[in-house]
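Right, one structure below, let's go through it.
On a predicted model such as this, the values are computed, not experimentally measured, just so you know.
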Amino acid sequence: EAVRSYQSAISIVATGCITEESREAAYEVRKELVSVLDNGSTGLPSLDVAAIKNDLGVDLRQHGDLELALSLCQAALEARTKELGKEHLLVANAMNNTANVLQGMERYEEAVPMYEEALRVTVSAPGCVCSRA
């Protein structure tokens, strides 16, 4: 049920029909979903849970809830690394999002190496058209 509520909250945001009241309601739905994800009762595969946590972390960072955002982004990074290995683009994405939260917390000494590693993985990925110069 919380996953469906989250999808509804995302739909509200995506359509641009956002009022301060709906923004706060969406924030509360996000926090409720975090508790559902943390108790492991979704029955979803771990990579799906990691994707939701990653997205929630990004959303909560933008909402200013940096501590919870960091926890979610780190959990997504850990799960993706475990399932996919360190050289996967989804791992680089989670690493970049974690670094964004750390930067928002002014923890630059932790953020910079994560940004660098995320960039390294991204540009070395098969099919990347990034300049290697």
Can you list everything that forms a side chain to side chain contact (heavy atoms under 4.5 Å, CB included) with Ser71? Sequence neighbours excluded, please.
none
With rounding to the nearest 0.5 angstrom, report the CG to CG distance, Asn97 to Asp55.
8.5 Å
From Glu78 CD over to Thr98 OG1, what is the distance, rounded to the nearest 0.5 angstrom?
11.0 Å
Taking a hydrophobic cluster as the set of Ile, Leu, Val, Met, Phe, Trp and Tyr residues connected by side-chain heavy atoms closer than 4.5 Å, whether directly or through intermediates, do Leu47 and Leu77 fall within one such cluster?
yes
Taken to the nearest 0.5 Å, the spacing of Arg80 CZ from Ser46 OG works out to 11.0 Å
List the steps, then state whether side-chain contact (heavy atoms from CB on, under 4.5 Å) holds for Val101 with Leu72.
CA-CA 10 Å; Val101 176; Leu72 290 165; over 6 Å; no
Met114 and Glu116: side-chain contact (heavy atoms from CB on, under 4.5 Å), yes or no, with the steps?
CA-CA 5 Å; Met114 292 190 94; Glu116 291 171 343; over 6 Å; no
Can you list everything that forms a salt bridge (Lys or Arg N to Asp or Glu O under 4.0 Å) with Arg120? Sequence neighbours excluded, please.
Glu87, Glu117
Could you tell me whether the side chain of His88 and the main chain of Leu90 form a donor-acceptor pair under 3.5 Å?
yes
Taking only residues two or more places apart in sequence, or in another chain, which ones meet Glu83 in a salt bridge (Lys or Arg N to Asp or Glu O under 4.0 Å)?
none
Leu44/Ile52 under side-chain contact (heavy atoms from CB on, under 4.5 Å): CA gap, chis, key distance, verdict
CA-CA 10 Å; Leu44 295 171; Ile52 294 169; 3.8 Å; yes
When rounded to the nearest 0.5 angstrom, what distance separates CE in Met95 from CG in Leu119?
11.5 Å
Could you walk me through whether Leu66 and Arg61 satisfy the side-chain contact (heavy atoms from CB on, under 4.5 Å) test, starting with their C-alpha distance in whole Å, then the side-chain angles of each, then the deciding distance to 0.1 Å, before giving a yes or no?
CA-CA 5 Å; Leu66 298 179; Arg61 178 184 62 85; 3.8 Å; yes
Separation of Asn54 CG from Asn93 CG (nearest 0.5 Å):
5.0 Å
